[in-house]
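Reviewing the structure listed below.
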Amino acid sequence: MGDDRHARLHEIPFDTLAGVLGIDLSKFKPRQGRNRRERPALMCGIAGFVNLDGAPADADVLEAMTDRIRHRGPDDRGTRCLSLRGGASDTALGFQRLIILDRSADARQPMVSPDGSIVLLFNGAIYDACEDRAELEGHGYRFRTTTDTEVILALYERLGLDRMLERLNGMFAIVIVDTRRGAVHLIRDRVGIKPLYWAQCGATLLFASEAKAFLAHPAFRPEIDPAQVDELLAFRYIAGEATLLKGVRQVPPAHRLTITAGGVTEARYWSIPDHPEKLRISREDAVDQLDHLLRRSVQSQLRSDVNLGCQLSGGVDSSLVTVLARSLRGTDVDAFSIVSNEPRFSEEHWILTAAAKAGVTSHRFAFDEADFIGALDAASWHMDQPVSHPNSLALWLLAQRSREHVTVLLSGEGADELFGGYARFAAALTAVSDTPRSGGHDAVDTFIRATAFHSEARLAKLRPEADLRPASEKRRALFQEGCADHLSNCLKYDMRTHLVDLLVRQDKMTMGHGVEVRVPFLDRHVIEFARALPAEHLVGPSSPSGVPATKVVVKELARRSFDAAFTHRRKSGFNLPLGQYFRSAAFVTLMEDRLLPGMKSRGLVDVSVVRRWWRRALSAPATTEAFWTLVALESWAQQFIDGRGLSR
């Protein structure tokens with residue numbers, strides 16, 4: 001593959017593509033000069049509260065809340081109490097920062113506008129901040145720092161909230177306190193890369209990057225919300241803004257909450273585009289355009305003044321990101337991977353293949369049952385919710401070990417949900433949403449049920465009072481927000497549900513060790529392009545060997561670097577020998593001494609059924625992941641509800 005293919009501006013004119021997608025591609029011009037001044041702000045943790053009744057904010061409580069998230073930014077702390085009404089300081093802002101650039105006092109957060117009326121907290125990175133900065137300077141704004149935090153502050157001052165949000169391309173959780181208007185805004189990025197939680201306890205509204213910060217506020221009492229347990233056990237996670245902690249909600253992706261003396265209002269500022277009329281584009285041109293957009297995304301996310309590497313699983317997506325990162329950045333990129341000590345679960349061959357092709361140094365860390373048992377409590381504490389995916393414990397170890405070498409990792413997360421990487425998308429290709437299916441389920445219910453780990457009948461054995469109707473109705477409503485063909489609606493549903501859960505997992509497991517993960521596939525412009533692609537560039541019929549044709553355009557792009565055996569193998573994910581781990585003496589002791597007694601006293605599930613399932617899981621590996629959800633739930637409950645995690 002020659003360099004000319006990377007450089008040329010392919011067959012479809014950019015202005016035509018921009019018109020179809022409704023995006024501004026003018027920002028994709030080669031970046032020179034000014035862009036080197038700007039680096040993303042990165043590692044941060046947000047905590048705070050607003051006393052809606054005007055009561056004075058307790059600075060000691062703010063310090064305690066902020067301390068709970070110190071792992072997200074151990075190098076610096078900033079706190080500030082201020083008033084929304086001109087009287088007592090009723091609003092408290094706390095911030096933890098890992099210093100990567102600009103050590104000046106002006107760069108600290110909370111960041112205050114020149115006139116003192118606006119205060120901002122920001123966790124994340126704005127990829128187009130360089131261009132925004134240049135424009136603002138052209139209008140006379142004098143910057144005090146080189147951070148994208150100040151760019152956001154300046155955009156808010158100049159454009160207001162709505163127009164500012166239209167401009168932002170990146171990953172972010174933002175808190176803006178506008179004392180002129182007596183308002184606090186909580187904002188989350190378009191797809192949920194950065195988490196942001198909130199809860200109202202009487203007259204106090206709490207917010208934080210991690211829900212564990214709420215444990216330090218005297219008005220908050222951790223309780224399990226029984227209305228969410230059935231959905232968690234059936235699907236492994238809770239879709240939408242609810243959480244397993246009673247009264248605690250996530251700010252939904254692409255939403256903003258506004259807090260005033262009159263209460264809380266919520267608004268969506270962006271929607272995943274539907275594009276009922278898809279692009280008319282050849283396969284080669286589609287691959288070329290993806291190549292161009294993804295390269296621009298990777299380039300913008302390589303900006304860093306600290307060591308940066310790639311999270312390399314050996315799969316197509318992370319391997320492609322690694323190849324692009326290495327070609328764009330040069331030699332200063334290493335790859336980091338977890339490999340199972342069980343050969344039948346190991347992806348080491350593919351990891352080494354990708355690392356060799358990319359020309360990067362491969363750091364591979366072995367994961368065994370001791371790591372699995374040892375990480376369970378810590379991972380449960382940092383997740384803020386049950387560790388629904390057991391391989392999250394491997395991600396925890398990856399972040400811990402890679403932190404010895406780098407502070408930033410690039411990941412291939414998001415490509416499956418965006419471009420159709422799961423077998424269920426191939427199955428949905430020919431489905432029609434109003435066609436009856438077996439058991440009386442239409443294609444929408446069929447797709448939603450395909451993501452469940454427990455059927456209603458199986459859940460009823462575990463919890464005789466179980467009722468999945470509320471969860472099913474909520475998920476169907478989320479699905480029906482899609483206004484395009486069935487496959488596009490399936491992809492949009494997965495982005496609104498499954499992807500958000502995966503992104504929360506990525507953030508919590510890595511930020512627990514002060515490692516920031518960036519996701520180039522989820523750049524705003526890549527999303528816009530993917531959503532406009534016709535189905536034939538996403539999924540297709542299975543191969544003669546039975547491997548579903550998924551993520552077609554991504555695999556075709558990867559074929560420019562890898563052979564067919566690499567790109568078109570059956571998707572495996574990172575599997576663990578759970579049955580083996582469950583049989584270990586350490587896990588048996590954990591189950592008998594802590595988990596089973598805890599389940600019995602908590603009363604959420606029938607422990608006699610759990611014991612039967614555990615015995616079956618020891619000899620039938622296919623049942624282990626479904627059983628794992630029960631282990632994760634109890635471990636989390638002991639950390640959050642019983643207080644085992646409070647000393648961490």
Looking only at atom types and distance, does a side-chain atom of [X] sit under 3.5 Å from a main-chain N or O of [Y], one as donor and one as acceptor?
X: Ser392; Y: His389; result: yes
X: Asp225; Y: Leu245; result: no
X: Asp115; Y: Ser117; result: yes
X: Lys212; Y: Arg68; result: no
X: Arg518; Y: Ser411; result: no
X: Ser209; Y: Ile46; result: yes
X: Tyr237; Y: His498; result: yes
X: Glu231; Y: Ala239; result: yes

N-O pairing of [X] and [Y] below 4.0 Å:
X: Glu63; Y: Arg77; value: yes
X: Lys508; Y: Glu210; value: no
X: Arg167; Y: Asp128; value: no
X: Asp162; Y: Arg256; value: yes
X: Arg531; Y: Glu528; value: no

Shortest non-hydrogen separation from Phe49 to Ala57 and the atoms involved: CE1-CB, 3.7 Å
From Leu168, Thr258, Leu161, residue fulfilling side-chain contact (heavy atoms from CB on, under 4.5 Å) relative to Ile187: Leu161
Taking atom types as modelled, is there a side-chain donor on [X] or [Y] under 3.5 Å from an acceptor on the other?
X: Arg303; Y: Tyr127; answer: no
X: Thr204; Y: Asn51; answer: yes
X: Arg188; Y: Gln250; answer: yes
X: Asp178; Y: Tyr156; answer: yes
X: Ser318; Y: Ser313; answer: yes
X: Gln385; Y: Asp501; answer: yes

Aromatic plane relationship, Phe365 with Phe336 - under 30° parallel, 30 to 60° tilted, over 60° perpendicular: parallel
Chi angles and distances behind the salt bridge (Lys or Arg N to Asp or Glu O under 4.0 Å) call for Asp189, Lys194: CA-CA 7 Å; Asp189 64 62; Lys194 287 297 173 186; over 6 Å; no
Evaluation steps, salt bridge (Lys or Arg N to Asp or Glu O under 4.0 Å), between Glu150 and Arg133: CA-CA 9 Å; Glu150 192 178 6; Arg133 180 189 182 97; 5.2 Å; no
Point-to-point distance, once rounded to the nearest 0.5 Å, from CD1 of Ile338 to CG of Leu397: 4.0 Å
Value rounded to 0.5 Å, distance of CG in Leu418 from CD in Glu413: 12.0 Å
His363/His405 aromatic ring centres below 6.0 Å: yes
Ring centre gap for Trp270 and His255 strictly below 6.0 Å: no
